[in-house]
Amino acid sequence: MDVLSMIMALFFMLLAVWSQSQLAALQQPKSEAAPALEILYSKRVVTRGAVIAAAVHVSDGRVQSIVPMRNAPKGPKVTDYGRLAISPGLVDVHVHLNEPGREEWEGFETGTKAAATGGVTTVVDMPLNSYPTICDAATFDGKIAASKGKLHVDVAFWGGLVPQNAHNETVLDELIERGVVGLKTFMSPSGIGDFEQSFKPDLEAALKTLAKHQVPLMAHAELPSDVDLDPNADPRKYATYLATRPRKWEQDAIAQLVEIASTTEGAPIHIAHVSDADSLEMIAEAGRQGKRITSETCTHYLTFAAEEIPDGSTLHKCAPPIREAENRERLWEGIKNGTLTFVSSDHSPAPPEDKLVEEGDFLRAWGGISSLQFSLPATWTQALARGLTLADVAEIWSARPAAVVGLGAKGTISAGKDADFVVWDPEAEITVGEDWKVEHKHKLTPYHGMKMKGKIVATYLRGEKIYSSSDERGKYSHNHRAAGPYGRPLLRK
Ligand SMILES: [Zn+2]
């Protein structure tokens, strides 16, 4: 192609994009209600695999094009963010919002507000810790009804897989057809009475139904077996708790999942919150064999270390447990080499009385770490120290999780995708709970007082600015086209 025809081709391409956007604008009713045509500019737009200076042209809630500023369509409002990074909004596939039924633990309103504050634009809610648990179509309908008018970000849902529904194809079909992203199961006791652990025959039966729909099974992978414990060990020592959930439990569960995983048209299997780095080789080998297995680890496993957890600090209790610093470094290696597919928060808050903060008894305290709001700066702070880039963080926090749960409109800044962005300053320092207000229902978190790199300046959801830090306390914009917050339930088609 000669230079002239290249210029002509480019001209027509831009014309096509421009006229498409004009057409989209014309099709909107002429009122305040028309979605804004807008250009967001930054020297650091984080696209898949690269950070570029670009104008991101947004209309109708979606990215229309990403072009050099000089090629941006003339006319729309331009917001110049200078050197602030524009990254894809985070997609957190492992969040316990606990509503309906345990609103005193978290809730749609507070949980999704915290998400917006942290640059998380999509969360996938867990089927347990709410009451009832979400194991059939009727309870799923109740969940959706309970979320109405309360979502500050987009929320998708996992259905629950328990022995009671695992063998009932009709019940699973109905639940999956409601639009859940997949089914979550526990291979160990969940701690919640109405969500029982599943065994191998349950998983094998359910995988047949999941395969029909091509949606993933997400497994809490710990397979309990007897452990030799010191009955006199101090319950205020973290090591006492760590000994109760050995690495072997994770390894045995992951071995079982690898055994039942398919290499072809079977259902994909996703391993939730991997904490044991010794399991990584097994996951990598399954990948080399072409098995349909993905995995996640969580921010807290990448941040904390067992030997540094203070006595009585039950805010650090979660399952599987946080392990040693040497283990944490190997989890980071797993992130770098792609064995671990992505990161999630496993945000699982509880009221202070259930965390037994006063007694500091690790064995009796509720397990679960509250962290949804902090994922981006917490991960970035650790990632930066280990040589990862802005594009790497976008990969593990947005692109890959969106792909694994089949949310095709989410996860990258590219033409045609939802205009979900976090605008942030990767160099600025913030201190959790001091100059960064915590929006979770309960402010208890092991991250309290931690200095982190990465200040969130604004969050956009489908082109709408839903959060802005322009005043110190943080501001929330409600969608001016709707009465309440701008998020909505995301149902898989
Ligand atoms: Zn969880």
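Side chains are part of it too, since the values below use all heavy atoms of this structure and drop only hydrogens, waters and symmetry mates. Atoms within each ligand, like the ligands themselves, are counted from 1 in listed order.
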For this session: Identify, with sequence neighbours excluded, every residue that meets side chain to side chain donor-acceptor pair (under 3.5 Å) alongside Thr339.
Result: Asn337

For this session: Mark yes or no for whether Asp136, through its side chain, and Thr139, through its backbone, hold a donor-acceptor pair below 3.5 Å.
Result: yes

Exercise. Taking the six-membered ring of Trp105, is NZ or CZ of Arg102 closer than 6.0 Å to its centre and within 45° of its axis?
Worked result: yes

Problem set entry | Side-chain donor or acceptor of Glu429 paired with backbone N/O of Lys451 under 3.5 Å | no

Seminar exercise, completed: Within the 2.8 Å cut-off the protein N, O or S neighbours of the Zn ion (ligand 1) are His94 NE2, His96 NE2, Asp346 OD1

Exercise. With no hydrogens and no angle check, do the side chains of Thr341 and Arg400 hold a donor and an acceptor under 3.5 Å apart?
Worked result: no

Exercise. Is the number of heavy atoms from other residues, nucleotides or ligands under 6.0 Å of Lys212 NZ greater than 12?
Worked result: yes

